[in-house]
Amino acid sequence: MMKLEGALFPWRFRLVLGLLGVMVAAICWRIIDLQIVDRAFLKGQGDARSMRHIPIPAHRGLITDRNGEPLAVSTPVTTLWANAKEMQFAKERWPALAAALGQDPKALSERLEAQANKEFIYLVRGLTPEQGQSVLDLKVPGVYGIEEFRRFYPAGEVTAHMVGFTDIDDHGREGVELAYDEWLAGVPGKRQVIKDRRGRLIKDVQVTKNAKAGKPLALSIDLRLQYLANRELRNAIIENGAKAGSLVIMDVKTGEILAMVNQPTYNPNNRRNLQPAMMRNRAMIDVFEPGSTMKAISMSAAIESGRWKPTDTVEVYPGTLRIGKYTIKDVSRSEGPVLDLTGILINSSNVGMSKIAFDIGGETIFRLAQKVGLGQDTGLGFPGERVGNLPNYREWRKAETATLSYGYGISVTAIQLVHAFSALANNGRLAPLTLIKTDKAPQTTQVLPEAVAKTMQTMLQQVIEAPRGVFRAQVPAYHVGGKSGTARKTSVGTKGYAENSYRSLFAGFGPMSDPRYAIVVVIDEPTKAGYFGGLVSAPVFSKVMSGTLRLMNITPDNLPAVQQANATPAVPLKANGGRG
Ligand code: 59J
């Protein structure tokens with residue numbers, strides 16, 4: 001009879017069975033270990049290799065002008081990126097991709113080869129969502145899209161310096177975009193997704209953090225005035241063959257900047273071929289000597305001192321004044337050997353102003369210049385803004401006292417100059433400057449007695465309206481006041497003044513019945529017809545002030561008698577009772 005071999009070696013059979021049993025037990029233990037004991041740890045490890053947090057872009061706050069006109073808008077765009085590693089598996093699709101992207105096929109494939117081990121490279125940023133989708137529809141392996149926002153500036157070059165711009169990652173780089181970046185920028189959200197080994201998106205798991213949109217910002221700017229200012233400044237720069245210029249319009253009652261433009265400018269929507277000169281917000285970052293516009297401040301100090309009244313006279317003959325080895329000169333010959341205070345302003349007599357400065361002392365002028373903000377921090381915190389320089393009166397010797405009184409040896413920005421004039425316009429009350437729309441009346445500081453400011457208003461009106469005045473600054477149907485200035489530019493490299501490069505200035509305000517707007521015009525190096533502030537900058541002031549008063553619906557205060565019957569005057573006019 002046959003016997004089973006196993007039966008012959010029962011111990012061997014049991015051994016094999018026993019070993020098998022141990023192995024099964026070991027496997028079971030490992031299963032329990034992996035599935036139950038280590039489960040959480042392993043799942044976490046696995047997820048960490050496939051779960052991804054991807055950012056949800058936050059919408060950046062809208063920037064508008066004071067009337068809600070958009071100045072900086074965030075529009076959705078699609079950015080295409082590639083996992084270059086993954087793309088190596090589909091080289092045959094590269095030419096089609098290059099064609100869809102409008103890129104050179106050779107350049108693209110060279111780039112993809114060179115970066116073959118990179119899992120993230122940008123292909124193209126900021127396409128319109130439609131353009132982006134049409135590329136994604138090709139379904140080229142390794143090509144992905146992300147939604148982003150890109151800034152668009154509807155007013156382009158007209159608001160470029162003021163608004164500034166953001167970089168490609170939507171962070172503020174210049175202007176208000178930079179100064180108010182924290183306010184405007186949102187907080188990006190987070191989305192959890194699962195991606196496979198090659199980084200392909202497999203599943204959208206959840207939004208772990210919602211994107212928080214940035215806050216909107218309404219600027220003090222009035223876009224209509226900004227356009228007007230830009231147009232008139234640009235025309236004047238062209239007509240006069242000038243190098244550059246700035247123009248600022250301020251509401252003297254609220255401290256709001258209503259317009260701020262510079263030439264040359266640039267298109268913030270297309271920043272290729274930008275030259276640094278185009279990008280300068282000159283009204284705040286360029287400093288200059290205010291020249292004779294400073295006489296408005298020095299004269300205010302003289303009247304405030306109580307030692308001088310407008311009808312007092314000073315001998316200006318022969319138009320020069322020696323101080324040690326230094327000679328002060330008047331440029332144009334004055335009406336006579338003696339001028340009253342208004343006459344000193346009208347004839348822009350440096351000699352007359354200097355003599356008054358010696359009488360009242362440098363400190364009196366210094367104190368007022370400081371109070372109206374010349375060479376002082378504006379508190380605006382605008383990127384790159386300059387403070388200028390008002391030397392301490394202790395350093396003023398006799399020659400400096402003279403030259404400072406008519407605007408040399410001090411440096412200011414256009415925005416400081418308009419601020420200083422705003423105090424005269426607003427009856428001696430200085431409102432803090434702001435670039436943001438304000439709703440409530442600001443806290444003003446009385447920097448000059450009201451009576452003194454009113455006296456100055458009358459004198460500065462005479463500067464424009466008197467027979468020998470700066471008639472080019474006149475505004476039809478309104479009374480306005482102001483002061484021109486023509487300053488030789490300091491020549492680069494040397495300590496002295498250039499013989500034939502000038503800065504033409506005009507600073508003024510109106511309407512005189514209730515001054516509301518102050519304007520400063522700076523034209524840098526006019527080279528054509530002439531260079532006097534009264535010739536070059538005054539007409540720009542006239543046009544911009546005229547447009548401003550009309551756009552703002554300000555009632556004319558200087559209509560001829562016949563027309564007055566049909567108008568509602570802001571104040572009683574001479575024809576119907578007089579002003580007092
Ligand atoms: C001027 C100066 C330079 C600096 C002089 C303008 C001085 C001076 C040393 C010569 C042209 C010129 C510290 S002129 O602004 O007086 O606006 O309509 O640049 O005087 O002492 O060939 N303005 N301008 N002065 N320097 N230093 C007048 C005047 C002014 C006018 C015209 C005629 C200067 C009425 C200027 C205007 O009021």
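Just so we're clear, the structure is a prediction, and the values are computed from it rather than from any experiment. Every number for a ligand or one of its atoms is a count from 1 in the order of the listing. By convention here, the first residue in the shown sequence is residue 1.
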Is the closest basic N to carboxylate O distance between [X] and [Y] below 4.0 Å?
| X | Y | result |
| --- | --- | --- |
| Glu499 | Arg488 | yes |
| Arg224 | Asp222 | yes |
| Asp65 | Lys437 | no |
| Glu177 | Arg173 | no |

Check your understanding: Is there a heavy atom of Gly291 sitting under 4.0 angstrom from any atom of ligand 1?
Key -> no

Protein contact to [atom] [nearest heavy atom, distance to 0.1 Å]:
| atom | value |
| --- | --- |
| atom 21 (O) of ligand 1 | Tyr406 OH, 2.8 Å |
| atom 22 (O) of ligand 1 | Tyr502 OH, 3.4 Å |
| atom 16 (O) of ligand 1 | Asn350 ND2, 3.0 Å |
| atom 14 (S) of ligand 1 | Val331 CB, 3.5 Å |
| atom 6 (C) of ligand 1 | Thr486 O, 3.4 Å |
| atom 19 (O) of ligand 1 | Arg488 N, 2.8 Å |
| atom 35 (C) of ligand 1 | Ser332 OG, 4.0 Å |
| atom 13 (C) of ligand 1 | Tyr326 OH, 3.3 Å |

Review point. Less than 3.5 Å between some nitrogen or oxygen of Lys329 and one of ligand 1, yes or no?
Key: no

Review point. Going by atom types alone, do Tyr393 and Gln370 pair a side-chain donor with an acceptor below 3.5 Å?
Key: no

**Study point:** Aromatic Phe358 / basic Lys398 pairing, under 6.0 angstrom, 45° off normal
**Key:** yes

Exercise for review: Measure from NZ or CZ of Arg271 to the centre of the six-membered ring of Tyr266 and say whether it is under 6.0 Å with the direction within 45° of the ring axis.
Suggested key: no

Review point. So which of Ser292, Gly485, Gly407, Ser354 gets nearest to atom 30 (C) of ligand 1, if we judge by its closest heavy atom?
Key: Ser292

Check your understanding: Counting heavy atoms only, which of Tyr408, Tyr531, Tyr497 comes nearest to atom 2 (C) of ligand 1?
Key -> Tyr408

Per-atom contacts, ligand 1 versus [X] - under 4.0 Å to a heavy atom:
| X | result |
| --- | --- |
| Ala487 | 19 (O) |
| Gly533 | 17 (O), 18 (O), 37 (C) |
| Ser348 | 30 (C), 38 (O) |
| Gly534 | 17 (O), 18 (O), 37 (C) |

If you define the side chain from C-beta out and look only at heavy atoms, does anything of [X] sit under 4.5 Å from [Y]?
| X | Y | answer |
| --- | --- | --- |
| Leu225 | Tyr517 | no |
| Val540 | Ser537 | no |
| Leu505 | Ser484 | no |

Review point. For Ile344, which of Asn350, Val351, Asp330, Leu339 qualifies under side chain to side chain contact (heavy atoms under 4.5 Å, CB included)?
Key: Leu339

Check your understanding: What part of Phe506, side chain, backbone, both or neither, has a heavy atom within less than 4.0 angstrom of ligand 1?
Key -> neither

